[in-house]
Amino acid sequence: MSTTSSSGKISVALVDDHALFREGLREILESTANLVVAGEAGNSSDAVRLVRDTRPNVVLLDVEIPGDDVLETVTRIRTFSPSTRIIILSMYDGPHLLTRLLAAGISGYLLKSIHRHELLAAVRSVHEDPGRVVLAVSRASLAQVEGPQAGVLTDKEKEILQLAAQALSNLQIARRLGLAEATVKRHMRNIFVKLNAVSRIDAVNKAMAASLIPAQSRRDSD
């Protein structure tokens, strides 16, 4: 069972694959009187292990960390520590992503563009009221319920997604297309937003379902 730390502070685990971003979160949390950082992780396996070992009150979980799909990570965290509140931090603002994560049991979904005081308020809120869900997304995202339309992806995005469907990494895709890896990552972020996808697999499935990419693009092993 997750409980407030022995110091009386709210314990928070940080999960993001960018060390600099985690460092910024740590500085924000540790400069706040009633909060303490329980630990950090940069991938899904380490995140689950961290929660299992420390049972933090709250997890700040990046939506796209290396390893398992974020939905699987959320499920595993809740299995090991049901009382730990999970707040998703994301660059993506989409209703399908939000809906699926809420169904998985998260307590909050915040865009990374939020301010410091909003983050701290969200952490305190979900800890103090386990039944509360905190959202910081656009009204358009909450209102939008339609699936992807046929012309939603550019030709380059379709090309990249077809290669992602073949289980190629961002670096492999970049080499195949003669692009910078950062450019591929940017395209993938745009794809996630446009398709309201929660993971690469989810994006591929949605694109195939909408006939944006051919179904045969994906490997049988998937």
Side-chain angles (χ1 to χ4, degrees), residues 2 12-19 21-22 25 38-114 119 122-123 126 133-138 141-142 144 147-148 160-161 164-165 167-170 184-209 218 222:
S2 175
V12 184
L14 309 178
V15 183
D16 193 289
D17 60 329
H18 294 95
F21 184 73
R22 294 200 311 269
L25 287 177
E40 301 180 18
N43 59 62
S44 60
S45 296
D46 288 345
V48 173
R49 189 177 303 112
L50 172 62
V51 171
R52 182 191 63 197
D53 294 342
T54 65
R55 306 296 174 92
N57 299 119
V58 179
V59 174
L60 296 179
L61 174 64
D62 179 56
V63 77
E64 193 181 26
I65 56 172
D68 293 331
D69 181 284
V70 68
L71 287 168
E72 174 66 19
T73 304
V74 168
T75 299
R76 294 180 65 197
I77 286 174
R78 286 177 51 77
T79 297
F80 282 114
S81 186
S83 61
T84 293
R85 306 302 163 200
I86 302 172
I87 296 177
I88 298 294
L89 299 178
S90 177
M91 296 294 294
Y92 316 122
D93 186 8
H96 294 292
L97 171 62
L98 175 59
T99 300
R100 295 182 69 188
L101 286 167
L102 287 171
I106 65 167
S107 296
Y109 188 100
L110 310 177
L111 296 180
K112 287 186 174 180
S113 57
I114 64 169
L119 173 67
V123 169
V126 300
V133 175
V134 178
L135 304 177
V137 296
S138 69
S141 177
L142 292 176
Q144 183 184 351
I160 287 173
L161 194 55
L168 272 66
S169 68
N170 288 339
V184 174
K185 288 182 178 179
R186 185 171 66 252
H187 279 302
M188 286 302 301
R189 287 196 295 267
N190 290 338
I191 290 169
F192 271 46
V193 171
K194 290 181 178 181
L195 299 183
N196 303 313
V198 71
S199 68
R200 293 165 76 94
I201 292 176
D202 188 34
V204 168
N205 287 339
K206 287 180 176 178
M208 288 181 180
R218 195 174 177 188
D222 288 340

| remark: Note: Pro56 and Ala38 closest approach over all heavy atoms is CB-CB, 4.1 Å

| request: For Arg189, enumerate each residue passing the side chain to side chain donor-acceptor pair (under 3.5 Å) test, keeping only those at least two apart in sequence or located in another chain. | output: none

| task | Please lay out, stage by stage, how Thr73 and Val15 fare under the test side-chain contact (heavy atoms from CB on, under 4.5 Å). | result | CA-CA 11 Å; Thr73 304; Val15 183; over 6 Å; no

| request: Search all heavy atoms of Arg85 against all heavy atoms of Ser107 and return the closest pair with its distance. | output: CD-OG, 3.5 Å

| said: Please give me the minimum heavy-atom distance between Leu71 and Leu101, naming the atom from each residue. | reply: CD2-CD2, 3.6 Å

| request: For Lys112 and Asp62, run side-chain contact (heavy atoms from CB on, under 4.5 Å): C-alpha distance rounded to whole Å, both residues' side-chain angles, the deciding distance at 0.1 Å, then the answer. | output: CA-CA 9 Å; Lys112 287 186 174 180; Asp62 179 56; 2.9 Å; yes

| task | Work out which heavy atom in Asp17 is nearest to a heavy atom in Ile65; give both atom names and the distance. | result | N-CG2, 4.0 Å

| query | Does Leu89 reach the side chain of Phe21, with side-chain heavy atoms less than 4.5 Å apart? | reply | yes

| note | Value for CZ (Phe192) from NZ (Lys206), rounded to nearest 0.5 Å, stands at 10.0 Å

| note | Value for OG1 (Thr84) from CZ (Arg78), rounded to nearest 0.5 Å, stands at 9.5 Å

| In Å, rounded to the nearest 0.5 Å, how long is the span from CE of Met91 to CG of Asn190? | 10.0 Å

| field | Heavy-atom side-chain proximity of Tyr109 to Leu102 below 4.5 angstrom | value | no

| Heavy-atom side-chain proximity of Ile88 to Val74 below 4.5 angstrom | yes

| task | Over all heavy atoms of both residues, which pair between Ala136 and Ile114 is shortest? Give the atoms and the distance, please. | result | CB-CG2, 3.7 Å

| remark: d(Leu161 CG, Ile191 CD1) to nearest 0.5 Å is 5.0 Å

| message | Which heavy atom of Asp202 sits nearest to which heavy atom of Ala197, and what is that distance? | response | OD2-CA, 3.3 Å

| note | Rounded to the nearest 0.5 angstrom, the CG-OG distance for Asn57 and Ser81 is 8.5 Å

| message | Under the criterion side-chain contact (heavy atoms from CB on, under 4.5 Å), I'd like the reasoning laid out for Asp16 against Leu25: C-alpha separation, chi angles, the key distance, then a yes or no. | response | CA-CA 10 Å; Asp16 193 289; Leu25 287 177; 5.6 Å; no

| request: With side-chain contact (heavy atoms from CB on, under 4.5 Å) as the test, would you mind laying out the steps for Val123 and Leu60 before giving the verdict? | output: CA-CA 9 Å; Val123 169; Leu60 296 179; 4.1 Å; yes

| message | Please report the interatomic distance CZ(Arg200) to CG(Leu168), rounded to the nearest 0.5 Å. | response | 8.5 Å

| Who passes side chain to side chain donor-acceptor pair (under 3.5 Å) against Glu64, sequence neighbours left out? | Tyr92

